[in-house]
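Proteins get letters first, then strands, A, B, ... in listed order; numbering begins at 1 in each.
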Amino acid sequence: MRLFDTYTRGLVELPSPPGPIRMYFCGPTVYQRIHIGNARPFVLSMWLKRWLEQNGYEVRLAENITDINDKIYTAAPGHSAELATQASRWYVEDTDLLGLGRPDHEPKATETVPEIVDLIGKLIDRGLAYPAGGDVYFRVAAFPDYGRLSGRLGDDEALRNPSEEPERAELKEDPRDFALWKAHKEGEDTVWESPWGPGRPGWHIECSAMAEKFLGQVFEIHGGGNDLIFPHHENELAQSRGAGSEFARMWMHNGMLQLTGEKMAKSLGNIVSLREAVQEWGRETILLYFMSAHWRKPIDFSDEVLAQASAQAETFRNHFVGLEAEPEEIDRQALARVLDDDFNTPEALALFHDWRARGRTASLRWGLELFGLGELAEAAAAPADLVALAEKRREARASRDFDEADRLRVEIEDQGWEVRDVADGFELVPK
RNA sequence: GGCGCCGUGGCCGAGAGGUUAGGCAGAGGCCUGCAAAGCCUCGUACAGCGGUUCGAAUCCGCUCGGCGCCUCCA
C-alpha cells in the first residue's frame, strides 16, 4: 500500500503486513462541539485503521485531545478545566455517532504534563531550547532542518514565527522561536509546576510527548488537517527530532472542508457541528459524503452535495431490500486496487456501485461494513400491523379493487412505510 | 509578497499520453392496474493560449480563476 507523504511530496510505500503501523492523528482542541471539518481526519484515520487491520496489519492509533490551550481559557474564564472536560466528552460522544469505533489511545494534554516537562528538559540539555522569563522556547537556529516539512526552508521571511503574544517577543532569541512552556499568567485557572516555574505547555509540545508516550520514538504515519502543516507539525517535528527521536516516517494531511467557498473554521464562525450534520442527514450520508472526495482534496459542504450523498445511501439501501444472502466470494482484490493506491475512497465508492449493479452482494456488504456503512445492507423489518395492512392490500389487488389498494397504500405511507409490489408479493420499506 | 494545492460534462468526482470512470440530477423506454424500486438508452467533458508528441484532459511554459498556510484552527 502506498500513501502520499507531505514530507517527500510523493507516494510512499508502507511496510508489509503485519507492520506494525503506528499512527498519530491530531485531534481537536476542545472548547465547544466539534464541527464536521474536524471529523474528516477522525474519519480518515478510523477508515485507514480498519482497512489496514483488514489486511492483516497490526495497527496502533493514537489521537490526541488538546485540552490545554489559550482558546479554552478565553472561552471559559475561571472554569476552563470544566469546559475542557465537558467538551472532551462531547467530542467522544459526537464522533461515536459515526459508528467507526475509537482510536486505541486518546490521550489528553492534561494527562501528559510530566512527559512534556521531561521532553522540554531534554531539549534544554541538548541546547535546543532555553528558558526565558519563566517561559521556555525552542531554539530554531539550532535545528537546521526547520522548515523542511512545510517547504519553507531557507526562506527568511516565511520562517518568521512571531509570538502569539507580542509581549513575549522580547524574550526570544529569534522571532522564529516558539514556546514550549508558558509561564502562568493572570486569569489562567489551570497551572502546573515545572523546573522553570509554574505554567503550562505550549501548543505543539503535547503532541510530541504524547506520540512518544503511546507510539514510541518512531512511528509510521502522522496525520491531521493540512492547516496544521505549519507551524504545528513543523514544530512537532523539530521538537521530537531535536530530542533524538526519528518521529513520523510519513505525513498525511487531509484537505479542508469548504463552506460557501471558505474553509470551515471556528475562527471564521462558518461552522456546522458534526452533531447537527449527523442529526440532519444521518450517519450514512455523512460517511458517503466523506467517501466521495479524495482525502487530500478540499471538499465543499453544501445541501446539494449532501443530497447527492443521501441519494446514494438510498440506492444502496434499495439494493438490499428483500434480498436473500447468496454465497459468493468477496472480491478483496478489487477494493485493494483502489484503496492501496493512496486510499482512493471515491474509486472505492464507484466500485461499490459496480458491485451493486452486478449483484455482487456479499462483496458490497463487506465493503460497506468496512466503511461503517453496514446498516445500509440491513433491511428493516416492518411491524406486524403494517404487514397485515400490506397483506390486505395484496388481496384487494388480487380482486382488482384498486381503489381499496390505493387507500391502503396511503394508510401505510402515513405510518412511514412504503409498499412496493414485486413479482411474488410486496416489500415494505421505511420511508 | 513567500510556500503549497487545485481548475474535468447541469452538479459531485476519479483517472492520467492513445481504450466507457462512477454517482446525483434530467430526457426517453421496459416493467406495473397505477406507483415505487430496478433495468435499458441518451451527454463525446477535461479553464485559456502556446509548446513537446504520430497522438495531450493527462507532459512543459505562460495567462486567468479558486483555495489553503505564512496568526488560533482538522
Side-chain angles (χ1 to χ4, degrees), chain A residues 6 9 25-29 31 34-45 63 66 69-72 74 147 149-166 203 223-234 253-258 261-268 271 274 288-289 291-294 296-300 302 304-312 314-319 321-322 338 341-342 344-354 356-357 396-397 400-403 405-406 409 413 418-423 426-427 429 431:
Chain A
T6 308
R9 301 189 194 291
F25 268 71
C26 278
T29 298
Y31 57 98
I34 64 159
H35 57 76
I36 6 137
N38 293 297
R40 180 123 93 144
F42 178 87
V43 169
L44 174 63
S45 66
E63 208 148 327
T66 295
N69 185 285
D70 294 283
K71 289 280 183 191
I72 307 173
T74 311
L149 174 67
S150 55
R152 286 156 215 262
L153 211 53
D155 184 332
D156 286 352
E157 274 313 300
L159 281 169
R160 297 292 115 170
N161 197 359
S163 172
E164 47 276 50
E165 295 103 26
W203 175 36
N226 66 13
D227 55 346
L228 295 180
I229 296 172
F230 189 89
H232 189 233
H233 287 166
E234 193 71 71
H253 290 288
N254 63 268
M256 296 291 101
L257 255 76
Q258 314 272 137
E262 274 184 317
K263 177 176 82 160
M264 182 180 297
K266 294 172 196 169
S267 52
L268 293 172
I271 285 177
L274 171 62
L288 285 168
Y289 160 73
M291 269 192 96
S292 75
H294 185 98
R296 259 188 298 130
K297 292 209 169 176
I299 179 173
D300 279 317
S302 66
E304 188 176 9
V305 175
L306 269 292
Q308 292 184 7
S310 177
Q312 294 196 55
E314 204 47 42
T315 300
F316 286 125
R317 250 189 219 105
N318 282 330
H319 180 260
V321 171
V338 297
D341 185 15
D342 204 20
N344 194 332
T345 59
E347 283 284 14
L349 189 52
L351 176 64
F352 290 178
H353 281 289
D354 181 59
R356 175 187 56 77
R397 289 183 69 230
R400 305 195 65 77
D401 183 356
F402 297 121
D403 287 345
D406 289 346
R409 174 161 57 203
E413 273 171 6
E418 177 186 319
V419 217
R420 293 177 187 166
D421 299 324
V422 292
F426 58 83
E427 284 165 355
V429 187
K431 290 193 77 175

query: What one-letter contact string describes nucleotides 5-15 of chain B from 5' to 3', where B marks a base within less than 4.0 Å of any protein heavy atom, S marks contact via sugar-phosphate atoms alone, and - marks no contact?
result: -SS---BSSSS

Options [options], nucleotide nearest the side-chain atoms of [X]:
X: A:Asn38; options: B:A25, B:C34, B:A74; value: B:A74
X: A:Arg397; options: B:G22, B:U32, B:C70; value: B:U32
X: A:Pro28; options: B:G68, B:A74, B:C70; value: B:A74
X: A:Ala350; options: B:A21, B:G23, B:C34; value: B:A21
X: A:Met256; options: B:G23, B:A37, B:G68; value: B:G68
X: A:Lys71; options: B:C72, B:A74, B:G68; value: B:C72

Could you tell me whether [X] contacts a base, only the sugar-phosphate backbone, or nothing, with contacts defined as non-hydrogen atoms closer than 4.0 Å?
X: A:Arg317; result: nothing
X: A:Val419; result: base
X: A:Asn254; result: base
X: A:Asp421; result: base
X: A:Thr315; result: sugar-phosphate
X: A:Gly27; result: sugar-phosphate
X: A:Gly224; result: sugar-phosphate

In whole Å, what is the span from the [atom1] atom of [X] to the [atom2] atom of [N]?
X: A:Phe402; N: B:U32; atom1: CZ; atom2: C1'; result: 10 Å
X: A:Phe316; N: B:C24; atom1: CZ; atom2: C1'; result: 12 Å
X: A:Glu314; N: B:A36; atom1: CD; atom2: P; result: 14 Å
X: A:His232; N: B:C3; atom1: NE2; atom2: P; result: 25 Å
X: A:Glu418; N: B:A35; atom1: CD; atom2: C1'; result: 9 Å
X: A:Arg400; N: B:U32; atom1: CZ; atom2: P; result: 12 Å
X: A:Phe230; N: B:A74; atom1: CZ; atom2: P; result: 17 Å
X: A:Asn226; N: B:G4; atom1: CG; atom2: C1'; result: 9 Å

Please report the shortest heavy-atom distance between [X] and [Y], naming the atom on each side.
X: A:Pro298; Y: A:Gln258; answer: CB-OE1, 3.8 Å
X: A:Ala348; Y: A:Met291; answer: CB-CE, 3.9 Å
X: A:Phe402; Y: A:Arg397; answer: CE2-O, 4.1 Å
X: A:Val429; Y: A:Val321; answer: CG2-CG1, 3.8 Å
X: A:Pro41; Y: A:Asn254; answer: CB-OD1, 3.4 Å
X: A:Ser292; Y: A:Leu349; answer: CA-CD2, 4.1 Å

Counter-base of [N], judged by Watson-Crick or G-U geometry with both distances under 3.5 Å:
N: B:A57; answer: none
N: B:A14; answer: none
N: B:C30; answer: B:G38
N: B:C62; answer: B:G48
N: B:C69; answer: B:G2

How far, in whole Å, is [M] from [N] if one measures between their [atom1] atoms?
N: B:G22; M: B:A45; atom1: P; value: 16 Å
N: B:A21; M: B:G66; atom1: P; value: 30 Å
N: B:U44; M: B:G10; atom1: P; value: 11 Å
N: B:A74; M: B:A36; atom1: C1'; value: 41 Å
N: B:A25; M: B:C59; atom1: C1'; value: 35 Å
N: B:G9; M: B:A47; atom1: C1'; value: 14 Å
N: B:A57; M: B:C46; atom1: C1'; value: 4 Å
N: B:G48; M: B:C64; atom1: C1'; value: 7 Å

A:Phe352/A:Thr315 under side-chain contact (heavy atoms from CB on, under 4.5 Å): CA gap, chis, key distance, verdict: CA-CA 11 Å; A:Phe352 290 178; A:Thr315 300; over 6 Å; no

query: Considering heavy-atom distances to RNA chain B, does A:His319 or A:Ile229 have its closest nucleotide positioned more toward the 5' end?
result: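 Going by which nucleotide is closer to the 5' end, it is A:His319.
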
- prompt: Between A:Arg356 and A:Ile36, who's closer to the 5' end of RNA chain B by nearest nucleotide?
  reply: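 Result of the comparison: A:Arg356.
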
field: Residues that A:His294 engages under ring-ring contact (aromatic ring centres under 6.0 Å, His included), provided they are two or more places apart
entry: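 Counting only residues at least two positions away or on another chain, A:His294 forms no ring-ring contact (aromatic ring centres under 6.0 Å, His included).
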
message: For B:A35, does the base pair up with any side-chain atom of A:Arg409 as donor and acceptor (N or O, under 3.5 Å, distance only)?
response: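 For A:Arg409, whose side chain was compared with the base of B:A35, there is a donor-acceptor pair (under 3.5 Å).
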
query: Does the A:Asp354 side chain pair with the main chain of A:Ala350, one donor and one acceptor, at a distance under 3.5 Å?
result: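 Looks like no, no N/O pair under 3.5 Å.
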
- prompt: Side-chain contact, heavy-atom cut-off 4.5 Å: A:Arg40 with A:Ile299?
  reply: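 Yes, side chains in contact.
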
